[in-house]
Amino acid sequence: MCGITGWVSFHQDPRTQAPVIEAMTATLAPRGPDADGVWLGPRAAIGHRRLAVIDIAGGVQPMTDRPDAPTTVLTYSGEIYNHHELRSQLKGRGHEFRTRSDTEVVLRGYAEWGEEVADHLDGMFAFAVWDERAQRLLLVRDRLGVKPLFWAAVDGGLAFASEPKALFAHPEIRPRVAADGLREAYGLLFNTGPTVWSGVREVEPGGLLLLDRDGIRERRYWRLAADAHPDDRDATVARVHDLVSTAARAQLEADVPLCSLLSGGIDSTVLTALLADELRLREGPGARIRSYAVDYSDQAESFTGDVLRTGHDTPYATEAGAFIGTDHSTVVLDPRALLDPEHRKAVVVARDSPIGVGDMDTSLYLLFGEIRKHSTVALSGEAADEVFGGYPWFHNPKALAASTFPWLLVTGDEAAMPLNPELDLRIGEFRADTYRTALAAVPHLDGETPTEHRQREMQHLSLTRWLRQLLHRKDRLSMAQGLEVRVPYCDHRLVEYAFTTPWTLKNFDGREKSLLRAAGTGLAPDSVLHRPKNHYPATHHPDYNRGLQNMARDALADDTVRSLADETRVKPCLDTPPGQLEWGHRLRLERVVDLALWLDHYQPELAL
């Protein structure tokens with residue numbers, strides 16, 4: 001896992017601007033603490049920061065096809081899980097390899113297949129290839145968008161980077177925010193393409209971008225399809241078990257210490273059990289995988305349920321670790337540590353965005369910092385809810401009948417920082433238009449029942465939008481600590497198969513994630529296997545609420561913050577007794593605090 005950046009210009013010679021690519025690359029140092037490198041040519045400047053995971057000695061980047069007079073230059077971030085198979089295939093076609101890294105497989109794959117190399121790759125990745133002979137830049141992003149990739153226009157070409165902050169180190173790109181950027185950020189619709197920053201866009205998941213002297217062309221090389229499902233229930237359960245197992249096995253490879261995130265829910269427990277079994281097969285019956293959970297020092301005494309959480313995770317995670325046989329640790333955080341201004345600022349800078357989930361972001365950042373002391377790679381159960389139908393909106397009649405994005409019924413406007421109505425952003429109209437566009441992109445089968453039709457819409461919205469912000473959060477906060485997090489449930493073959501599976505099979509026993517529970521039989525204790533969905537834990541300590549209210553009051557003392565926020569909606573949250581502050585109202589305060597930190601760090605030009 002790494003950070004990539006660079007730019008191409010057909011009007012300038014980047015070799016005269018070496019300090020620019022060096023500055024862009026330096027902004028990504030947390031993503032790649034082990035090494036850095038740049039390559040300069042007459043039309044392209046390429047930078048790389050490396051987190052060494054596979055072939056530590058050989059996988060140096062930027063990587064060129066040959067040491068002298070290179071014709072192809074690659075900067076790459078991610079993991080290719082089928083790189084052994086592709087290496088053998090490419091060797092059979094006459095390609096010679098200097099390293100055993102998956103990076104070189106991508107490089108030689110481009111030499112063989114050109115832009116179609118994306119179709120051959122299984123994994124999470126974002127990369128850029130500069131083709132010196134064709135005078136062409138290729139940007140590619142993985143199918144689900146696990147790895148980020150941003151770009152912006154510059155004179156005679158474009159600049160790209162893993163994170164917007166690297167783009168802002170280029171003299172032609174400034175952090176600017178207009179009304180449409182605020183709509184994107186605070187609308188909570190999670191579009192792919194536009195960002196909060198004016199002129200900065202994302203390469204779409206499953207997409208690629210080509211730049212040459214004729215201009216920029218974008219296309220999708222992968223998207224979800226609604227195919228007929230050929231299997232009955234037993235065959236479907238068996239196939240799900242096989243696909244999850246295959247993804248877990250493939251993602252266990254690393255030349256550095258590896259661990260699992262074990263929350264005590266079914267997703268992470270099934271995954272950890274499969275990883276533990278595979279590790280014992282490879283290393284012997286005594287092998288044990290490390291597993292980690294997070295908790296707060298007050299949680300056992302002060303836990304109270306809310307709209308997202310029904311129970312305390314730690315007892316379930318401990319039981320699951322004992323059942324599987326992991327070396328399990330619970331990282332216990334002091335709720336007051338989540339108020340540390342330096343921690344909060346680090347999280348906002350990692351995100352490059354004012355939008356997050358407050359203490360849950362800060363605690364995840366601190367958790368990753370503790371894990372990084374012992375491991376370089378962690379595996380996570382992200383995306384199982386989207387793949388198998390685990391969220392409340394798959395089962396709630398009100399959500400199913402609503403003509404809007406289903407998560408807005410859970411988070412509502414209270415989950416967005418209340419913006420000043422004088423800005424006239426028309427977020428309601430924006431949401432309605434975007435929802436219609438999102439539904440138009442959903443593929444369907446002829447003859448679907450109304451139930452199947454609606455559930456396919458819900459799954460498509462969840463996989464292409466809601467999942468986007470979860471992957472963004474996991475990538476940014478982990479990489480800010482130099483930790484690689486892999487997400488086996490995002491394996492595209494599993495996602496494709498589950499998307500074709502009828503809802504009657506996904507929900508065959510009337511519960512969420514029926515298929516995963518059936519496929520996970522024997523891999524988790526019954527208490528975990530049949531536990532209801534529980535979201536990432538949040539602190540309930542009154543001292544945290546009190547401190548948050550004080551931070552929000554300080555934030556509102558800033559004129560710019562006050563001009564953007566709707567004080568009439570924030571004030572009741574400030575006046576509520578700390579012990580009675582509800583989750584939705586607290587999130588308003590979190591967003592005000594994060595807005596102030598974001599404005600202070602980036603000093604963006606506001607064109608509202």
Side chain to side chain, [X] and [Y], heavy atoms closer than 4.5 Å:
X: His48; Y: Val38; answer: no
X: Trp7; Y: Met24; answer: yes
X: Lys506; Y: Phe394; answer: no
X: Leu137; Y: Leu158; answer: yes
X: Tyr292; Y: Thr330; answer: no

Could [X] and [Y] be called an ion pair, given the rule that one side-chain N must be under 4.0 Å from one carboxylate O?
X: Asp267; Y: Lys513; answer: yes
X: Arg344; Y: Asp359; answer: no
X: Glu202; Y: Arg141; answer: yes
X: Asp475; Y: Arg351; answer: no
X: Glu104; Y: Arg108; answer: yes

side-chain hydrogen bond (donor to acceptor under 3.5 Å, both in side chains) between Thr72 and Asp131, intermediate numbers included: CA-CA 5 Å; Thr72 309; Asp131 190 321; 5.0 Å; no
Side-chain H-bond candidate by donor/acceptor type, Thr236 with Arg239, under 3.5 Å: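 No, Arg239 and Thr236 have no side-chain donor paired with an acceptor closer than 3.5 Å.
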Separation of Leu209 CG from Leu138 CG (nearest 0.5 Å):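 Going from CG on Leu138 over to CG on Leu209, the span is 8.5 Å.
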Spacing of Trp222 atom CH2 and Glu204 atom CD [to the nearest 0.5 Å]: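 Reported to 0.5 Å precision, the distance equals 12.0 Å.
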Charged tip of Arg486 within 45° of Tyr81 ring normal and under 6.0 Å: no
Arg201 to Phe150, cation-pi by 6.0 Å centre distance and 45° axis angle: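 No cation-pi geometry.
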Residue pairs fulfilling salt bridge (Lys or Arg N to Asp or Glu O under 4.0 Å) with at least one residue in residues 324-343, sequence neighbours excluded: Arg288-Asp327, Asp334-Arg336, Arg336-Asp543
Ring centers of Trp197, Phe168 separated by less than 6.0 Å: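 So the answer is yes for these two rings.
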Smallest separation among heavy atoms of Gly47 and Ile21, with atom names: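 Answer, listing the atom of Gly47 first, then Ile21: N-CD1, 3.8 Å.
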Aromatic ring pairing Trp407/Phe190, orientation class (parallel under 30°, perpendicular over 60°, tilted between): tilted
